[in-house]
Amino acid sequence: MHDARELIGLGDAAVAALARRGFRFDPAPLAELLTGRNAAIHSGDELRAESKRLAGEVGKAAKAGGDPQLAEALKDQARALKDQVREAEEKAERLGSALHEAMLDIPNLPSEAVPDGLTEDDAVEVRRVGAPPSLDGPRDHVELGEALGILDFARATKLSGPRFAVARGAGAALERAIATLFLDLHTRRHGYTEFSVPTLVTRETMTGTGQLPKFEADLFATSAGDRELFLIPTAEVPLTNLHSGEILDEGALPLAYTAHTPCYRSEAGSYGRDTKGILRLHQFSKVELVRICTAETSNAELELMVSHAEACLVELGLAYRLVKLAAGDISFSAQLTYDLEVWLPSQDKYREISSCSDCGQFQARRAGIRVRNADNQRHPVATLNGSGLPIGRTMAAILENYQQPDGSVEMPKALVPYLGFSAIAADGTLVS
RNA sequence: GGUGGCGUGUCCGAGCGGCCGAAGGAGCACGCCUCGAAAGCGUGUGAUGUGCAAGCAUCCGUGGGUUCAAAUCCCACCGCCACCGCCA
C-alpha cells in the first residue's frame with residue numbers, strides 16, 4: 001500500500017508509473033477523500049476538546065457545591081456537543097475507510113529500473129549461466145518420472161482431482177533431499193534463519209503482504225465454525241508478517257528468513273497452461289527467502305538475495321538465465337522483480353523457477369512493519385522475497401537435465417550425500 | 001468443551017468515575033562524580049492521527065454500552081495461565 005498523501009502528491013508521475021504496468025490511476029477522487037477525511041478529523045478534534053473542557057467545568061461546578069442549575073445547564077451543552085462529535089467522527093471514519101479500501105487496490109509503483117512492456121516476453125535478459133546439456137530427443141519429467149516409478153499422477157488425481165502429484169520412493173526422497181540441501185545452503189552459507197511457520201493464516205495476514213483483498217480467487221480458503229483461514233500460496237506470507245505491527249531496531253536489520261513450506265494456489269485463470277506434470281500444481285513445496293531491510297538498502301539486498309537463489313541452481317549444476325521482468329508482469333506488491341529461469345530440455349527453453357522481488361515499503365506499510373533509526377524516527381521497512389527454490393520444479397529440472405541415453409537419471413553430486421544413492425536406473429532401482 | 005484466575009507503557013507493577021498518558025521501580029540514553037569503571041546523584045525516555053508549527057486529539061487486550069466525564073462501572077468477544085475432559 002502506498003502512503004496516500006505521497007501517492008497523490010506524485011500526481012502525473014504516479015499515473016504514468018502505474019500506466020506502465022497497465023493500471024489506470026485517477027488521483028482526483030483519492031485527493032477528495034483525503035482532504036474530506038482530514039477536515040472531519042480536525043473538526044472532530046476541536047469539538048472533542050471543547051467537550052472535555054465542558055466536562056471539566058461540570059466537575060468543578062458540582063464539586064464546589066456551587067450552583068446546581070449551572071451544572072445542569074453545562075451538562076445539557078455537553079450532551080448537545082456530543083452529537084456533533086459523533087457526527088464528525090462518523091464522517092472521518094466513513095471517508096477514511098473509503099480511502100483505505102481504494103488504496104488497498106492500487107499496486108506498487110514499478111521502479112525506474114524495470115523495463116517497459118506488459119508481458120513476460122518483454123523481460124530483459126541479464127545473464128546466462130551454465131550450458132544446457134546436449135541431449136538427443138530428451139524425454140520430459142512426466143515420462144521419466146512415471147517410467148522410473150517415482151511420480152504418480154493418476155493416483156494423485158484420484159485423491160484430489162487435477163493438478164496434484166504423488167511422489168513415490170526415490171521421488172519422495174528426492175523432494176526431501178532437495179529441500180534439505182537448499183535449507184542448509186541458506187542457513188549455513190547465506191546466513192538465513194530457518195523457520196517453521198503456520199501455513200493457514202488469517203485474512204489480515206494475507207492482506208499484509210498484498211494477496212488480499214484483490215486476489216482472493218487465487219487462494220484456497222478453509223472454514224471451521226465461524227473461523228476463516230487461508231492456505232498460504234507462499235511462505236512469503238507468514239515470514240513477512242512475522243513482524244507485522246512491530247517497530248524494529250535499525251541495528252537488527254537486515255533480517256534474513258527462510259522456510260520450507262507447502263504452498264497452495266487455485267491457479268484460477270491458468271487453465272490451459274502447464275496442465276501436464278509438476279510444473280503447476282495446486283499444492284507444491286518451496287523453500288522461500290525473505291529479507292527485511294531499510295528502504296535505502298533494498299536494491300543491494302535484492303541483488304544479494306538473487307545470488308542466494310542462483311546458488312541453488314549452481315549447486316545442482318543446472319543451466320539457467322536471469323531476467324528482469326517488465327513493468328506489466330511484476331506482481332502486485334513488487335517494484336522490481338528478477339526471475340530465474342532454468343533450462344528444461346523437453347521444452348527446449350528456459351522456464352521460470354524463481355521470482356525475486358523487491359517490494360520496497362509497499363508491504364511494510366500494509367503490515368505495519370517499521371524501523372526506528374538512530375534519530376528515533378520511524379519509517380516502514382523494505383521487504384523482499386524470493387523462491388530459493390521450489391522443490392517440484394527443481395525436481396523436474398533435475399530429471400530432465402540429468403537423464404541418460406539408457407533411461408537412467410544421474411543425481412547431482414551435491415544431492416548424493418542427502419540421498420544415499422547416485423543414480424536411479426531405468427528400471428527404478430537405486431544405484432549407490 | 002468445562003471451571004477458576006489474569007490482561008495497564010521496553011519490562012515489572014500501582015491505579016478513588018473527574019486533577020491519569022497514567023504512581024513507583026527496573027532497563028535504556030545523556031550529564032555530574034571518577035585516572036577509568038561500579039555505586040551514587042540529576043535529567044530524559046511509548047505510539048498514532050492532524051497541523052508549516054505551537055498545539056490539539058486518540059490509545060490502559062478488542063468491540064459495544066452507561067455518564068457531562070471511563071484505565072476505573074456494565075455487556076460481549078479475544079488472548080494468556082492453571083486444573084479437568086477430549087485428542088495427534
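Letters A, B, ... are given to chains in the order of the sequence lines, protein chains preceding strands, and every chain is numbered from 1.
To the nearest whole angstrom, the two P atoms, one in B:U8 and one in B:C81, are 14 Å apart. Between B:G18 and B:A69, the distance separating the two P atoms is 14 Å to the nearest Å. Comparing B:C80 with B:C30, their P atoms are spaced 39 Å from each other, to the whole Å. For the C1' atom pair drawn from B:C68 and B:G1, the interatomic distance equals 45 Å after rounding to whole Å. Using atom C1' as the reference point in both B:A22 and B:U45, the two lie 15 Å apart (nearest Å). B:G85 and B:G2 are spaced 8 Å apart, taking the C1' atom of each and rounding to whole Å. Remark: the separation of the C1' atoms in B:A71 and B:G44 is 25 Å, to the nearest Å. For the P atoms, the distance from B:C35 to B:G15 is 46 Å, rounded to whole Å.
With A:Tyr257 as reference, A:His243 is the one residue of A:His308, A:His190, A:His243 to meet the ring pair (Phe, Tyr, Trp, His ring centres under 6.0 Å) rule.
Between A:Glu216 and A:Arg203 there is a salt bridge, with a side-chain nitrogen of the basic residue lying less than 4.0 Å from a carboxylate oxygen of the acidic one. Salt bridge status for A:Arg48 with A:Asp45: present, with a side-chain N to carboxylate O gap under 4.0 Å. Looking at A:Arg53 and A:Glu57, a side-chain N of the basic residue comes within less than 4.0 Å of a carboxylate O on the acidic one, giving a salt bridge. Salt bridge A:Glu267/A:Arg163: absent, no basic N to carboxylate O contact under 4.0 Å.
Protein atom CD of A:Gln77 is 18 Å distant from nucleotide atom P of B:U67, rounded to whole Å. For the pair A:Leu81 CG and B:U67 P, the interatomic distance rounds to 16 Å; values are reported in whole Å. Between the C1' atom of B:C56 and the CD atom of A:Glu89 lies a distance of 14 Å, rounded to the nearest Å. The separation between A:Arg86 atom CZ and B:G65 atom C1' is 10 Å, rounded to whole Å. The CD atom of A:Glu93 sits 16 Å away from the C1' atom of B:A57 (whole-angstrom rounding). Atoms CZ (A:Arg53) and C1' (B:A57) sit 16 Å apart, rounded to a whole Å.
In a base pair of the Watson-Crick type (N1 to N3 plus N6-O4 or O6-N4) or a G-U wobble (N1-O2 and O6-N3), with each distance short of 3.5 Å, B:A47 is matched with B:U58. Using N1 to N3 plus N6-O4 or O6-N4 for Watson-Crick, or N1-O2 and O6-N3 for G-U wobble, each under 3.5 Å, B:C33 pairs with nothing. Across all strands shown, B:C86 forms no Watson-Crick or G-U wobble pair with both key distances under 3.5 Å. Across all strands shown, B:C11 forms a Watson-Crick or G-U wobble pair, both distances under 3.5 Å, with B:G25. Pairing for B:U67 is absent, with no Watson-Crick or G-U wobble pair whose two atom distances lie under 3.5 Å. Nucleotide B:C19 is matched to nothing when pairs are restricted to Watson-Crick or G-U wobble geometry with both distances under 3.5 angstrom. Checking B:U72 for Watson-Crick or G-U wobble geometry (two distances, each under 3.5 Å) identifies no partner in any strand. Across the strands present, B:A53 finds no partner; the criterion is a Watson-Crick or G-U wobble pair with both atom distances under 3.5 angstrom.
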Checklist entry - Yes or no on salt bridge (Lys or Arg N to Asp or Glu O under 4.0 Å) for A:Arg79 and A:Asp76, after CA distance, side-chain angles and deciding distance? => result CA-CA 5 Å; A:Arg79 261 188 285 263; A:Asp76 284 343; 3.0 Å; yes

Item to check | salt bridge (Lys or Arg N to Asp or Glu O under 4.0 Å) assessment of A:Glu400 paired with A:Arg351 | outcome: CA-CA 13 Å; A:Glu400 294 196 9; A:Arg351 287 295 312 263; over 6 Å; no

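Close to B:A57, at under 4.0 Å from its OP1 or OP2, lies no side-chain N or O of A:Arg48. Regarding contacts with the backbone of B:C56, every side-chain N or O of A:Lys52 stays at 4.0 angstrom or more from both OP1 and OP2.
Using modelled atom types, one side-chain atom of A:Thr240 and one backbone atom of A:Glu236 make a donor-acceptor pair closer than 3.5 Å.
Counting heavy atoms of neighbouring residues, nucleotides and ligands inside a 6.0 Å radius, atom NZ of A:Lys158 does not exceed 12 of them.
Where A:Glu46 and A:Ala55 each meet RNA chain B at their nearest nucleotide, the meeting point lying more 5' is that of A:Ala55.
Using a 4.0 Å heavy-atom criterion, one finds that A:Ala78 contacts the sugar-phosphate atoms exclusively.
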Item to check | B/S/- contact track for nucleotides 45-55 of chain B, protein heavy atom under 4.0 Å | outcome: --SSBSS----

